[in-house]
Amino acid sequence: MIWSHADRLRFDRIIETLEKNFSIEMGSSYTPFEVLISTILSQNTNRDNTTKAFERLKEQFKITPQELASADLEEIKRCIKPAGLYNAKARRIRKVARIIWEQYDGDLSKILNLPTSEARNMLLSLPGVGRKTADVVLSFCTNKGTFPVDTHINRIAKRLRWVEEKAGYEEIRHFFEDMVSEKQRKKVHLVLIEFGRKVCRAKNPHCKTCPIREDCQNENICQ
DNA sequence: CTCCGGCGAG
DNA sequence: CTCGCTGGAG
């Protein structure tokens, strides 16, 4: 897909409008390992359930490779139950903790400090870490962030005709990485997620009150 | 492609 | 009660 100057202006105008309408907290004093674990918990899971599971896990364990590597599997399952898919997630969390503890001296930054594409590939080799999770960790824990594509981002990019309907993960990721500078990516990502949750929802989107309805070229969504 | 799953909105 | 939410692995 070819992008004209006008397309870029429209993209920038939309992002600017969304930033004014959706406040986000960029706080988070999470360690990279905590980001990794909470992102694994968040897979296929809404935010409330993810937060509940992470807090419960944090009550029982220090969220460190050392502590989780030797944790009892059933105990992890019990803690993270609210996130769903807990059998698979518990196994993956402990396995990831063991790999980081044994192969990286318990220091995830040994992966994150590598050049971006190497770091991404190392993350992808961990159990339970796919493209979205790897990109979230890179985006939130380094300055050379990639752009994570979750279902909100996927849906919004297609509704706004930024990418074609059949575009896959990597195509959408590259679109955003082309359009958004590295230091803006985290913020733009969070703003789009908020927009996707509050307004441009999967079901019953609030098109009538959408702040960017003038710039939306999708006529088939509004009820 | 299917399976894994608690949770809350409808 | 049903069902959509929402990624990775086999």
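Heavy-atom basis, side chains included; hydrogens, waters and symmetry copies ignored. In what follows, chains are A, B, ... by sequence order, proteins preceding strands, each numbered from 1.
- Following rounding to the nearest Å, A:Y169 (OH) and C:dG7 (P) show an atom-to-atom distance of 10 Å.
- Atom-to-atom, NZ of A:K95 to P of C:dA9 comes out at 13 Å; the value is rounded to the nearest Å.
- Partner A:I212 forms a side-chain contact (heavy atoms from CB on, under 4.5 Å) with one of A:I156, A:I14, A:N21 and no other, that one being A:I14.
- Remark: A:K144 NZ is packed, more than 12 non-hydrogen atoms of other residues, nucleotides or ligands lying under 6.0 Å away.
- For A:N143, the CG atom sits in a loose shell: 12 or fewer heavy atoms of surrounding residues, nucleotides or ligands are nearer than 6.0 Å.
- Near DNA chain C, meaning a heavy atom under 4.0 Å from it, residues 123-138 of chain A has A:L126, A:P127, A:G128, A:V129, A:G130, A:R131, A:K132, A:T133 in order of number.
- Taking atom CG of A:D150 as the reference point, atom P of C:dG8 lies 10 Å away to the nearest angstrom.
- Remark: the A:R8 side chain and the A:H5 side chain contain no N/O donor-acceptor pair separated by less than 3.5 Å.
- Remark: the A:T51 side chain and the A:D48 side chain contain no N/O donor-acceptor pair separated by less than 3.5 Å.
- Ion pairing of A:E55 with A:K58 is absent here, as no side-chain N (NZ or NE/NH1/NH2) approaches a carboxylate O to less than 4.0 Å.
- No side-chain donor-acceptor contact under 3.5 Å links A:T39 and A:K132.
- A donor-acceptor pair under 3.5 Å links the side-chain atoms of A:Y169 to the main chain of A:R131, judged by distance alone.
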Requested in this report: Indicate for each nucleotide in nucleotides 2-10 of chain B, in 5' to 3' sequence, whether protein heavy atoms under 4.0 Å reach the base (B), only the sugar-phosphate (S), or nothing (-).
Outcome: --BBBSS--
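- Regarding A:K198, its NZ atom lies at a distance of 17 Å from the P atom of C:dC5, rounded to whole Å.
- The gap from the P atom of B:dG10 to that of C:dT6 amounts to 14 Å, rounded to the nearest Å.
- The distance from atom CZ of A:R91 to atom P of C:dG8 is 18 Å, rounded to the nearest whole Å.
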